[in-house]
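Data first, discussion second: the structure below is written as structure tokens.
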Amino acid sequence: MEMTRENTKQSKMVALGLLAVLLFLKCYSFFLFPSAYSQPGLFREAAAETGLHFHHFTGSTGEFFMPEIIGAGAALFDYDNDGDLDVYLIQGTMLDEKKQPGEAKFPPHKDWKPGNRLFRNELIPSGKLRFTDLTEKAGADRIGYGMGAATGDYDNDGDLDLYLTNFGSNVLYRNNGNGTFTDVTREAGVDDQRWSSSAAFFDYDRDGDLDLFVCNYIDFTIKGNKRCFAPTGEPDYCSPASYRPVPDRLFRNEGAGRFIDVTNGSGISSAFGPGLGVTCADFNQDGWIDVYIANDGAANLLWINKGDGTFEESGLISGAAYGMDGVARAGMGVSAGDFDNDGDEDILVTNLTKEGSTLYRNNGKGQFDDATIEFNLAQASFLSTGFGVSWFDYDNDGWLDLFMANGAVTLLPTLRGQPYPFHQRNQLFHNEGAGGKIGFREVTSTAGPALQLSEVSRGAASGDIDNDGDVDILVTNNNGPVRLLLNQASTRAHWVQVKLMGVKDNSAGIGARVVVIRKNAKPLWDRVHTDGSYLNASDVRAHFGLGRDATVEAIGVIWPNGAKEIWSSIKIDSLNTLRQGTGKSWLLN
């Protein structure tokens with residue numbers, strides 16, 4: 001008995017000793033690595049707490065109409081010009097006109113309001129991130145089967161306008177500058193009654209106003225709906241191969257609020273596929289904006305701007321049409337950006353499950369090679385169906401990271417029996433360039449609870465929503481709630497933001513290239529744009545992470561019309577507004 005007590009006493013002493021050691025190590029590691037204990041996650045989901053109440057409605061009745069599974073997107077833009085980003089969310093409706101919303105397979109929530117919704121950000125002047133639904137007051141309560149949004153100041157009056165794509169007629173909302181919008185689709189001449197997906201404003205002819213590119217998908221109709229099945233025999237959504245693709249559209253801005261359709265004359269109608277994603281950039285650096293289209297199950301298209309009002313399709317010859325195996329992927333979303341900091345724009349296309357996303361590396365002359373495997377993205381993205389995608393520097397270390405919004409379009413065998421068997425986790429990848437390494441490292445599992453959600457995500461719009469100097473992500477979910485992912489990376493890295501004000505060019509400087517010139521470091525390039533991702537419009541402000549070194553010598557701008565200016569008085573960790581014509585003339589080497 002005495003031996004037992006002694007052994008018990010010794011065991012307790014050993015346990016207490018081990019506990020003391022563990023506590024010491026924990027405290028010691030806290031002082032060595034405080035960020036590991038202080039950070040709740042790289043991102044925090046804050047939609048509900050900030051008043052961003054929205055749930056996407058598919059209108060599904062069990063007929064498996066394809067538009068149900070494709071949408072929907074959003075716009076992240078400062079519609080009231082008060083200095084913070086507002087949110088416009090795209091909504092679905094019933095596709096079966098004989099049925100009411102309550103008869104849908106997934107009926108709308110009790111607080112559901114039909115139609116798209118506009119939320120004003122109250123950060124300025126209140127100082128608190130909070131959203132207010134002002135849809136009806138703004139006259140932006142479009143009801144239809146919505147897909148996506150594009151933003152740009154097409155009439156150069158100083159505020160961003162809104163173009164909406166739909167399964168059915170599209171809509172152009174002119175921003176009246178007083179918090180309201182007017183539907184000017186008919187007088188502007190930019191409608192398309194087919195199934196449109198992504199759209200983009202850009203100045204392809206360098207005349208100072210924004211033109212419009214509209215992606216179209218397939219010739220699906222409700223009456224012509226086909227029955228498709230999963231390999232196991234269950235009813236399922238069809239692939240786009242079951243229908244014919246329809247041509248994209250190019251509208252040239254003629255001024256005075258009017259566009260004309262130049263699809264045929266520009267050459268854009270000479271090739272087309274089931275278009276889902278679009279991004280516009282000067283890929284071959286000849287001074288003219290080109291257009292890249294992600295097609296679903298067909299060769300991707302690269303329209304090279306010839307500078308004479310016409311385009312030449314160069315996807316195959318440029319190496320950006322297929323993957324390295326020469327097979328067409330199911331392209332969904334697309335983003336262009338300089339991920340390797342070599343001064344040109346590379347392309348990332350998200351694809352179907354068991355295809356993996358594709359990274360096309362630009363050689364600076366508009367020629368691409370498939371670098372997906374080299375940069376560690378092939379295996380990590382292989383089991384995901386990607387849609388929205390954003391290049392953005394979430395930790396401000398000077399290298400573009402990557403966010404992918406994922407969600408299947410056909411039944412996932414592992415989710416068989418679930419009410420909506422299409423959900424997947426989104427993904428976050430860290431660019432290892434700052435550490436001198438080549439490739440991306442997936443950090444989804446350590447990014448916090450916000451990145452552990454498994455939903456049917458579609459859009460991913462990026463921008464500094466809370467104006468705190470880092471880039472946040474707005475995620476839209478098919479048949480699910482909107483998600484607001486606030487950046488909580490909490491690094492000590494510096495940053496600089498740039499907002500352009502065009503005078504001879506479009507008012508927001510969309511299409512301009514901006515460069516941050518640093519001492520003893522590579523310059524950082526970005527393009528002023530709102531396009532890319534999938535069915536989304538993002539923050540028009542250019543954001544640059546600077547790392548720990550805040551030495552910036554100057555910021556240069558190549559305006560859409562080719563003029564070059566440079567500014568040397570730059571505020572670090574601040575937004576810098578640069579007005580065309582106020583900088584010094586710049587002779588770019």
> So, the side chain of N295 versus the backbone of G275: is there a donor-acceptor pair under 3.5 Å, distance only?
Replying inline: yes
> Within the distance-only criterion (no hydrogens, no angle test), does the side chain of N166 pair as donor or acceptor with the backbone N or O of G168 below 3.5 angstrom?
Replying inline: no
> Will you find, in the side chains of N116 and Y88, an N or O donor that is under 3.5 Å from an N or O acceptor?
Replying inline: yes
> Between the side chains of Y163 and N170, is a donor N or O closer than 3.5 angstrom to an acceptor N or O?
Replying inline: yes
> Are T135 and D141 linked by a side-chain donor-acceptor pair shorter than 3.5 Å?
Replying inline: no
>> If I compare all heavy atoms of C228 with all of S242, which pair ends up nearest, and what's the gap?
In response: SG-OG, 3.9 Å
>> Using side chain to side chain contact (heavy atoms under 4.5 Å, CB included), reason through L164 and I90 one step at a time and then give a plain yes or no.
In response: CA-CA 8 Å; L164 307 177; I90 308 298; 3.9 Å; yes
>> Checking side-chain polar atoms at under 3.5 Å, does T353 have a donor or acceptor matched by the opposite partner on T385?
In response: yes
> Would the Y243 and Y217 ring centres measure less than 6.0 Å apart?
Replying inline: no
> Stepwise, does the side chain to side chain contact (heavy atoms under 4.5 Å, CB included) test hold for F64 with N225?
Replying inline: CA-CA 8 Å; F64 292 89; N225 182 48; 5.6 Å; no
> Would a 4.5 Å heavy-atom cut-off, applied to side chains only, mark F283 and I347 as touching?
Replying inline: yes
>> Which label fits F167 and Y145: parallel for a plane angle under 30°, tilted from 30 to 60°, or perpendicular past 60°?
In response: perpendicular
>> Looking only at side-chain N and O atoms, does N264 offer a donor or acceptor that is under 3.5 Å from a partner on S269?
In response: yes
>> Just by distance, no angles: are the side chains of E68 and Y237 close enough, under 3.5 Å, to form a donor-acceptor pair?
In response: yes
>> So for atom NZ, which belongs to K354, do other residues, nucleotides or ligands contribute more than 12 heavy atoms lying within a distance under 6.0 Å?
In response: no
> How about Q452 and R425: does a side-chain donor come under 3.5 Å of a side-chain acceptor?
Replying inline: yes
> Would you call the rings of F392 and F43 parallel, tilted or perpendicular if under 30° counts as parallel and over 60° as perpendicular?
Replying inline: tilted
> Does the side chain of N351 pick up a donor-acceptor pair with the side chain of T358 at under 3.5 Å?
Replying inline: yes
> Any ion pair linking E45 and R483 (charged N to carboxylate O, less than 4.0 Å)?
Replying inline: yes
>> When you compare the side chain of V184 with that of R186, does any pair of heavy atoms fall below 4.5 Å?
In response: no
> Under the criterion side-chain contact (heavy atoms from CB on, under 4.5 Å), which of T444, D401, L377, L400 is the partner of F429?
Replying inline: L377
> Are the ring centres of F181 and Y79 closer than 6.0 Å?
Replying inline: yes
Show which side-chain atoms of residues 53-61 pair as donor or acceptor with protein atoms under 3.5 Å away, not counting sequence neighbours.
unit_1	atom_1	unit_2	atom_2	d
H56	ND1	N479	N	3.0
T58	OG1	S60	N	3.2

>> Whether the Q427 and N406 side chains hold a donor-acceptor pair (N or O, under 3.5 Å, no angle test) is what I'd like checked.
In response: yes
> If you measure only the distance, is there a donor-acceptor pair under 3.5 Å linking the side chains of E455 and N477?
Replying inline: yes
>> Check this for me, if you would: do R117 and D133 make a salt bridge, where the nitrogen-to-carboxylate-oxygen distance has to be below 4.0 angstrom?
In response: yes
>> What I want to check is whether the side chains of Y420 and N478 have a donor and an acceptor closer together than 3.5 Å.
In response: yes
>> Just to verify, what does Q193 make a side chain to side chain contact (heavy atoms under 4.5 Å, CB included) with, not counting sequence neighbours?
In response: S169, D191
> Below 4.0 angstrom, N of the basic side chain to O of the carboxylate: do R244 and D219 qualify?
Replying inline: yes
> Between D86 and D84, does a side chain to side chain contact (heavy atoms under 4.5 Å, CB included) hold up when you go through it step by step?
Replying inline: CA-CA 7 Å; D86 310 296; D84 54 34; 3.7 Å; yes
>> Before you tell me yes or no, could you show the steps for C280 and H529 under side chain to side chain contact (heavy atoms under 4.5 Å, CB included), namely the whole-Å CA-CA distance, both residues' side-chain angles and the distance that decides it to 0.1 Å?
In response: CA-CA 8 Å; C280 306; H529 67 106; over 6 Å; no
>> Check the orientation of F311 and F202. Use parallel for under 30°, tilted for 30 to 60°, and perpendicular for over 60°.
In response: tilted
>> Between the side chains of R44 and E49, is the shortest nitrogen-to-carboxylate-oxygen separation below 4.0 Å, so that they form an ion pair?
In response: yes
> So, does S266 use its side chain to make a donor-acceptor pair with the main chain of T263 at under 3.5 Å?
Replying inline: yes
>> Can a side-chain donor-acceptor contact be found between E312 and S314 if the only test is distance below 3.5 angstrom?
In response: no
> Are the ring centres of Y292 and W303 closer than 6.0 Å?
Replying inline: no
>> Can you list everything that forms a salt bridge (charged side-chain N to carboxylate O under 4.0 Å, His left out) with R194? Sequence neighbours excluded, please.
In response: D192
> Taking atom types as modelled, is there a side-chain donor on S457 or N426 under 3.5 Å from an acceptor on the other?
Replying inline: yes
> Is E187 salt-bridged to R258, going by a charged N under 4.0 Å from an acidic O?
Replying inline: no
> Looking only at atom types and distance, does a side-chain atom of T350 sit under 3.5 Å from a main-chain N or O of G386, one as donor and one as acceptor?
Replying inline: yes
> Of the non-hydrogen atoms in L89 and A74, which two are nearest, and what is the gap between them?
Replying inline: CD2-CB, 3.6 Å
>> Between E122 and T132, do the side chains contain a donor N or O and an acceptor N or O under 3.5 Å apart?
In response: yes
> Is the side chain of N253 donor-acceptor paired with the backbone N or O of D209 at a distance under 3.5 Å, no angle test?
Replying inline: no
> Take atom CD in Q379; do more than 12 heavy atoms of anything else shown fall under 6.0 Å from it?
Replying inline: no
> Is S538 reaching over with its side chain to a backbone N or O of G463, donor-acceptor style, under 3.5 angstrom?
Replying inline: no
